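Report on the following structure.
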Amino acid sequence: MFQAPKGTFDVLPPESARYEALVARFAGLAGRAGYGLLVSPMFEDVGVFQRVGESTDVVRKEMYDFEDKGGRRVALRPEGTASVVRAFLQHRPPTPFKSYYVAPHFRYEQPQAGRYRQHHQVGVEALGPADPDLDVEVITLAWELFRAVGLARIRLRLTSLGDDACRPAYRDALVAHLGARRDELCDEHRDRVEANPLRVLDCKRDPCRKAGADAPRMLDRLCDACAAHFDRVQAGLRAVGIGFDVDPSLVRGLDYYTRTTFEFEAEALESAQNGAGGGGRYDGLVESLGGPPTPGIGFGLGIERILLACDAEGVFPAPSGLLDVFVVDTAGGEAARDLTAELRRAGLRADRAWDGRSFKSQMRSALRSGARLAVVVEPEGVSVRTLQEKGEAEVVDRAEVADAVRRRLG
Ligand code: HAM
């Protein structure tokens with residue numbers, strides 16, 4: 001028997017209704033803030049992703065890349081930002097260009113709870129403005145989604161990674177600091193100090209932690225413009241009432257970030273997989289993909305992680321009852337066929353039993369369906385009955401079934 005590939009999963013109804021509800025809330029919030037849906041291919045020329053993360057695990061080790069039948073080297077999207085920037089450059093929409101997406105992402109990782117080879121993100125990207133108030137808008141949008149599903153234990157970690165003016169000097173200082181302690185670093189990072197010194201600071205192993213403990217910090221070396229930007233973002237978050245921790249040790253798994261950078265931690269989850277989402281500014285990314293200087297900022301939130309956090313906090317249960325009404329027909333079946341269609345046309349969520357089963361078996365299906373009401377068609381007439389709780393059967397006129405159902409549903 002075939003199984004879903006390792007690290008992937010199926011989402012069946014009724015659980016999938018939760019997934020749908022989460023996406024609908026996100027789309028509502030994003031739409032109200034002026035973000036439009038962007039749909040882009042699930043795979044891209046491998047170069048699109050290589051440019052944005054040559055020295056990151058996501059691109060170096062975890063990418064699903066392969067040659068297609070035409071000999072093109074392509075990769076399944078490991079992250080969404082590069083795809084959006086590629087689409088922006090191809091179509092050159094006017095800025096500010098604000099888009100949101102809901103999409104599968106693929107990373108060849110060691111699967112465990114909350115870490116999959118195919119996961120799904122909701123995200124936004126806003127291209128054009130360098131305005132720090134846009135950073136506040138973007139962070140607020142993610143925050144509102146957490147609130148909308150009832151999550152209370154989300155911690156926002158925030159930092160600034162500087163820009164072209166201040167980061168190179170910082171990077172040099174960090175490389176010098178870590179280079180002097182190279183022999184003390186873990187096996188994985190000993191040879192990667194020059195390629196990606198920030199990753200060493202993110203390493204959870206003791207040797208790297210020790211070597212990084214007194215390393216220079218970007219936040220202490222921001223240029224005036226970056227410092228002013230970061231101050232304005234913090235003031236904005238305070239003004240909208242979003243709590244945050246400034247965390248100079250925050251390091252993201254992708255290379256393109258500049259200035260404001262953030263992560264949302266679900267404190268109800270195990271620390272290894274508690275990243276519910278993250279994002280930040282990437283003011284140099286459009287240029288690095290061959291476009292004109294265009295600042296940008298966005299985030300991606302893991303749908304599965306959010307739902308796991310909801311389970312852990314006991315909020316946002318699957319919406320109960322996908323159906324309003326279930327038609328049970330022991331009078332020959334035509335009534336079921338016609339009445340079900342009629343109820344659906346009247347805007348009700350209706351289903352029915354099949355294959356001319358016995359009354360008892362049809363009632364069992366009706367109960368299992370989760371519908372609140374049954375419309376029971378017998379040779380003697382039609383009645384409406386409650387299914388999930390006790391109640392009187394109400395005999396109704398065949399022509400008024402939809403009205404009667406609607407009245408009973410309140
Ligand atoms: P990321 O932090 O790599 O950022 O991924 C965003 C979120 O996707 C994570 O915080 C996590 O919730 C979820 N996620 C990532 N990998 C997995 C996995 N293997 N299994 C389950 N969930 C996972 C990005 O991808 C950036 N593109 C975000 C961004 C948008 N930055 C700017 N704009």
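All of these numbers come straight from a predicted model, not from anything done at the bench. Note that ligands are numbered from 1 as they come in the structure, with each ligand's atoms numbered from 1 the same way.
- Counted by atom type alone, T81 and E125 present one or more donor-acceptor pairs between their side chains at under 3.5 Å.
- Residue pairs that meet the salt bridge (Lys or Arg N to Asp or Glu O under 4.0 Å) test with at least one member in residues 162-175, sequence neighbours left out, are D163-R259.
- Contacts classified as salt bridge (Lys or Arg N to Asp or Glu O under 4.0 Å) and involving residues 301-324 (residues at least two apart or in different chains) are given here: R18-D311, D324-R349.
- Within the structure, salt bridge (Lys or Arg N to Asp or Glu O under 4.0 Å) contacts touching residues 102-120 (residues at least two apart or in different chains) are E109-R115.
- Looking only at distances, a side-chain donor or acceptor of T8 sits under 3.5 Å from a matching main-chain atom of P5.
- No close placement of the Y64 and F66 rings is indicated, their centers lying 6.0 Å or farther apart.
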Could you pull out the N/O contacts under 3.5 angstrom between ligand 1 and the surrounding protein atoms?
residue	atom	partner	partner atom	Å
ligand 1	2 (O)	R252	NH1	3.0
ligand 1	2 (O)	R252	NH2	3.0
ligand 1	3 (O)	R107	NH1	3.0
ligand 1	3 (O)	R107	NH2	2.9
ligand 1	4 (O)	R252	NH2	2.9
ligand 1	5 (O)	Q121	NE2	3.4
ligand 1	8 (O)	Q121	NE2	3.3
ligand 1	10 (O)	G275	O	3.4
ligand 1	10 (O)	G277	N	3.2
ligand 1	12 (O)	G275	O	2.7
ligand 1	12 (O)	A276	O	3.3
ligand 1	12 (O)	G302	N	3.3
ligand 1	14 (N)	H119	NE2	3.4
ligand 1	16 (N)	R107	NH1	3.3
ligand 1	19 (N)	E109	OE2	2.6
ligand 1	19 (N)	Y116	N	3.4
ligand 1	19 (N)	Y116	O	2.9
ligand 1	20 (N)	Y116	N	3.0
ligand 1	25 (O)	R107	NH2	3.1
ligand 1	25 (O)	Q121	NE2	3.4
ligand 1	27 (N)	E79	OE1	2.6
ligand 1	27 (N)	T81	OG1	3.0
ligand 1	27 (N)	Y256	OH	3.0
ligand 1	31 (N)	Y257	OH	2.6
ligand 1	33 (N)	T81	OG1	3.1
ligand 1	33 (N)	E125	OE1	2.9
ligand 1	33 (N)	E125	OE2	3.0
ligand 1	33 (N)	G298	O	3.4
ligand 1	33 (N)	F299	N	3.3

